[in-house]
Visitor: 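Sharing a structure below in structure tokens format, with a few things to ask.
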Amino acid sequence: MNRGFMGKILIVDLGKKQISQEQVPDTVYERYLSGLGLAAHMLYNRIPPGADPLGPDNILGFVSGLLTGTGSLFTGRWMVVGKSPLTGGWGDANCGGTLSPAIKRCGYDGIFFTGISDKPVYLYVDDKKAELRDASSLWGLDAVEAEETLIKEAGQGARAAVIGPAGEKLSLISGICNDRGRLAARSGLGAVMGSKRLKGVVLCGHKRIRPFSREMVNVLSRKCNNWVKFQLPLGPAVGMGLLGALLRILPTAMAMDGMVYKMILRKWGTGGMNQMSPEWGDAPVKNWKGSCVDWPMKKSKSADPDMVKAHEIMKYHCYSCPLGCGGICSINGKYSETHKPEYESVLALGGLCMNEDSDSLFFLNELLNRAGMDTISAGATVAFAIECFENGILTKDDTEGLDLTWGNTDAIIALIHKMINREGFGDVLADGSKVAAEKIGKGAHKYTIHAGGQEPAMHDGRQDPGFGLHYSVEPTPGRHTIGSGLYYEMFQLWKKVKGLPKLLPFEIYHKNKKYRASIDQAMQAAACSKYMNVINGSGMCMFGSFVGIKRTPTFDWLNAATGWNRTPEEYMEIGERIQTIKQAFNIRHGIDPWANKLSPRALGIPPQAIGANKGRTVNIDKMMKDYWEQFGWDTDTGKPSDETLKRLGIVDQQEG
Amino acid sequence: MSYRITQACNGCGACKKICPVEAIEGNKKELHVIDEAVCIECGVCGRVCPHNAVLDQFGKQCLMMKRSQWKKPRFDNSACMSCNICIDACPVSCLALSEPVDREKYPHGRPYIREEKACIACGFCAEECPVDAVSMI
């Protein structure tokens, strides 16, 4: 029967050069969906405890989503999974582009690699065969060059995911690239691919993807598209910055309807928040010690959304996306075409390092994408190094003459080149700020901002404590793409899922409410985590989900695509199961959940003296315990209880 | 289910040559066979077979058509979402996204037939478009 998923996975043993396919029982999809859920089930049961993330026992998986290719919208996301060498625990990274349907068109829901090849190889899959091919001539090429070469060889219609030099050199902040510079950046999985000497994956399949009822899926998609098309004029971008300042000053906040953010994305992309976020305290500045006082609109103008948009040749849509928040830009200098820098990249390489040079933001974005290095972690690591330099922990002798001062664009560019190539001092920083602090010593760890080893994204928990919580409690710490108070408002899950805290449309509340750790907040956070697991099991985009559950009908799409007749609550339970098995994975691999707690400074310990987040501290310990309680995990240790594992039917197949 | 070739096949190889997924095997002047695990049911083998020796997935005989009579996709820009679904669905990669005509008015690309001669009239682009922006005419 047609159910949207392909029912098979491909297993590639790079050491033995063996390729086999496995049937996946329907019950796995029914319990974990596909995508991230399928991968969590696989890796929990197949990666042995204590496996070296860069060793042969680690498994690197590329997965599509259950809804991908079914006619549903926003379902072009693919995910990479593996044991993270950056955090030591569950690792995943999520990316748009065109690879997700390509995995399914080869007949698989996921492709999993184990072992280590003795020489550089890439995997080629088409309608009839899967084989490993020599990649020696590609080793050393940047991600865009390698992708172009592979697609030229495989023919039009081929899709490829590759690593750049950062992954080859096992940088723990490297990712995996597709579509000329879109990066599955987080968790350091580029290094896992590099450790396996796997340069790329090339997919040339044409299999049909068959939902249970394409007609039912399409009816839902048409309604969703009507919401996406609705657009009001937003005026010039300076208004966004001023709105941010107003939100900072007001004592109240308003529940955000995701349609507003959708319109911002449609017009400017994620960069629409480039000036607004620092103003209202959402974007960290100066390695998280600064504020809007250090990074006023006069400085953040370097990333003025209208200026960025002016470079845009055309909008970029991932597969099945009606929104098109991405953009293809043209910049002066080395790169004639580049992806529009995303908000995260702009703020990490801009405000976090106090870098006001607009051209450098475009340049560094492309440079890092081609290298296959995470812009968030790279920017954050540079900001960390600058603060070390400011405090005398690093000197020009250490930095090989680089004058690492705040906003010194030339020094920042030179340093990032060194990091990518692991040259001299760059080698110290190439694995992120936590590893760098351990190498540098001298108290440098005081200036690292990380959660479990991963640098958090450019959203400040001191403004929205939900970010601080999710950075700290997610099995992949430091991620901003799962939950926050703002996300809960936009998901509007209470409109479909029974028993969740409700918000009125555009409800106005006093800001202080956000900073009181409450059970309601814990329920909201748990709902975000569960829902995003459903989203990632479906291959959906978080931005699409922001439009709201009644307008982006995830659960209805899933029923139409699979032929199941499940309630939203049942889907949320699947999300809970996925979250719990990821946490159980971490426990098995020796991760102490408390150790993933975000660095104190980013939690307002001590609180800032000035700026939008003045005087604010996140009550993180209570929030973490309350969150764990929502999942039935031990509130002292964060470990899923036996009772919870049993309730969710998580069986430890490694122990039998 | 997949397409099948009947005993009427004379092994001319036209189907094998055009099949976009190389699902058809057979020597010249010998009966050809479709690998059902590979066949994507695009139907082009049936459209080119001069002996009408191909049955579709429902067992119905396919009739040869002149290439000039094959339907081609036409795009309704007022309905199109620029979402790339049709481009991905095409098994011969004959569709692409154009650059915007008026960047101020609509900065998104539009699908078009990049290689008209490559189109095999499978109609997958129209079938997979969720908003009926593609029709086969």
Side-chain angles (χ1 to χ4, degrees), chain A residues 68-76 97-102 104-105 107 126-129 155-159 179 204-211 214-215 217-226 228-229 266-267 309-310 312-324 327-328 557, chain B residues 1-2 19-25 35-44 57 78-111 114-115 118 120 122-124 126-134:
Chain A
T68 302
T70 61
S72 51
L73 305 183
F74 297 113
T75 46
T98 53
L99 198 81
S100 189
K104 288 176 92 166
R105 292 206 186 277
D126 64 19
D127 296 297
K128 299 177 80 173
K129 62 183 177 295
Q156 270 178 4
R159 310 290 184 214
D179 257 22
C204 306
H206 302 90
K207 295 266 189 299
R208 309 301 308 282
I209 302 165
R210 300 183 193 276
R214 192 172 281 279
E215 197 181 323
V217 173
N218 288 354
V219 167
L220 297 164
S221 296
R222 283 194 280 271
K223 282 184 190 165
C224 175
N225 183 44
N226 288 337
V228 176
K229 279 195 298 189
R266 178 86 168 171
K267 180 167 183 181
K309 194 171 184 291
E312 200 173 68
I313 304 165
M314 66 187 288
K315 294 286 184 190
Y316 172 87
H317 292 241
C318 297
Y319 171 79
S320 83
C321 175
L323 181 56
I328 303 297
W557 266 328
Chain B
M1 290 294 288
S2 82
C19 175
V21 293
E22 298 176 13
I24 303 173
E25 296 289 341
D35 182 343
E36 67 176 60
V38 181
C39 173
I40 56 171
E41 299 168 12
C42 67
V44 69
Q57 68 268 47
S78 65
C80 176
M81 306 180 287
S82 308
C83 71
N84 295 310
I85 286 179
C86 55
I87 293 169
D88 181 82
C90 178
V92 291
S93 307
C94 73
L95 304 181
L97 215 57
S98 68
E99 283 196 12
V101 179
D102 183 344
R103 205 161 64 90
E104 289 302 313
K105 215 171 169 183
Y106 190 81
H108 309 259
R110 298 287 199 194
R114 178 174 52 193
E115 290 179 60
I120 56 170
C122 63
F124 291 171
E127 188 186 320
E128 294 201 15
C129 175
V131 293
D132 296 335
V134 190

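First the proteins, then the strands, lettered A, B, ... as listed; each starts at 1.
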Visitor: So which part of A/E215 gets closer than 4.5 Å to some heavy atom of chain B, the side chain, the backbone, both or neither?
Guide: neither
Visitor: Just jot down the side-chain contact (heavy atoms from CB on, under 4.5 Å) partners of A/S100, sequence neighbours excluded, or say none.
Guide: A/S64, A/T68, A/W78
Visitor: Side chain, backbone, both or neither: which part of A/I313 has a heavy atom under 4.5 Å from chain B?
Guide: both
Visitor: If we ignore hydrogens and angles and just use 3.5 Å, is the side chain of A/K128 paired with the main-chain N or O of B/A23 as donor and acceptor?
Guide: no
Visitor: Does the pair A/R208 and B/F124 meet the rule for a side chain to side chain contact (heavy atoms under 4.5 Å, CB included), with working shown?
Guide: CA-CA 9 Å; A/R208 309 301 308 282; B/F124 291 171; 2.8 Å; yes
Visitor: Using atom types as modelled and distance alone, determine if a side-chain donor or acceptor of A/R222 lies under 3.5 Å from a backbone N or O of B/P130.
Guide: yes
Visitor: Can you name the closest pair of heavy atoms from B/I40 and A/H206 and give their distance?
Guide: CG2-O, 3.2 Å
Visitor: Compare all side-chain heavy atoms of A/R266 with those of B/H108 and state whether any distance is below 4.5 angstrom.
Guide: yes
Visitor: Between B/C129, B/S82, B/C42, who has the most heavy-atom pairs with chain A when the cutoff is under 4.5 Å?
Guide: B/S82
Visitor: Just wondering, more than 12 heavy atoms not from B/E115 lying within 6.0 Å of its CD?
Guide: yes
Visitor: Pick from A/G324, A/P322, A/S72, A/C204: which one has the most heavy-atom pairs with chain B under 4.5 Å?
Guide: A/P322
Visitor: Give, as side chain, backbone, both or neither, the part of A/K267 having an atom under 4.5 angstrom from any heavy atom of chain B.
Guide: neither
Visitor: What is the minimum heavy-atom distance between A/R214 and B/E127, and which atoms define it?
Guide: CD-O, 3.5 Å
Visitor: Find the distance between OG (A/S320) and CE (B/M81) and round it off to the nearest 0.5 Å.
Guide: 8.0 Å
Visitor: Please tabulate, for the side chains in residues 89-100 of chain B, all donor-acceptor contacts under 3.5 angstrom to protein atoms that are two or more places apart in sequence or on a different chain.
Guide:
residue : atom : partner : partner atom : Å
B/S93   : OG   : A/Q156  : O            : 3.2
B/S98   : OG   : B/R110  : N            : 3.4
B/S98   : OG   : B/R110  : O            : 3.1

Visitor: Heavy-atom distances under 4.5 Å only: say whether B/E104 touches chain A with side chain, backbone, both or neither.
Guide: neither
Visitor: Do the side chains of A/R105 and B/E128 get close enough for a salt bridge, i.e. N-O under 4.0 angstrom?
Guide: yes
Visitor: If you count heavy-atom pairs under 4.5 Å between each of A/G205, A/G107, A/P101 and chain B, which one has the most?
Guide: A/P101
Visitor: Report the option among B/V21, B/I87, B/D35, B/D132 that has the most heavy-atom pairs separated by less than 4.5 Å from atoms of chain A.
Guide: B/V21
Visitor: Specify the closest pair of heavy atoms between B/N84 and A/H317, including all atoms of both residues, with the distance to one decimal.
Guide: ND2-O, 2.8 Å
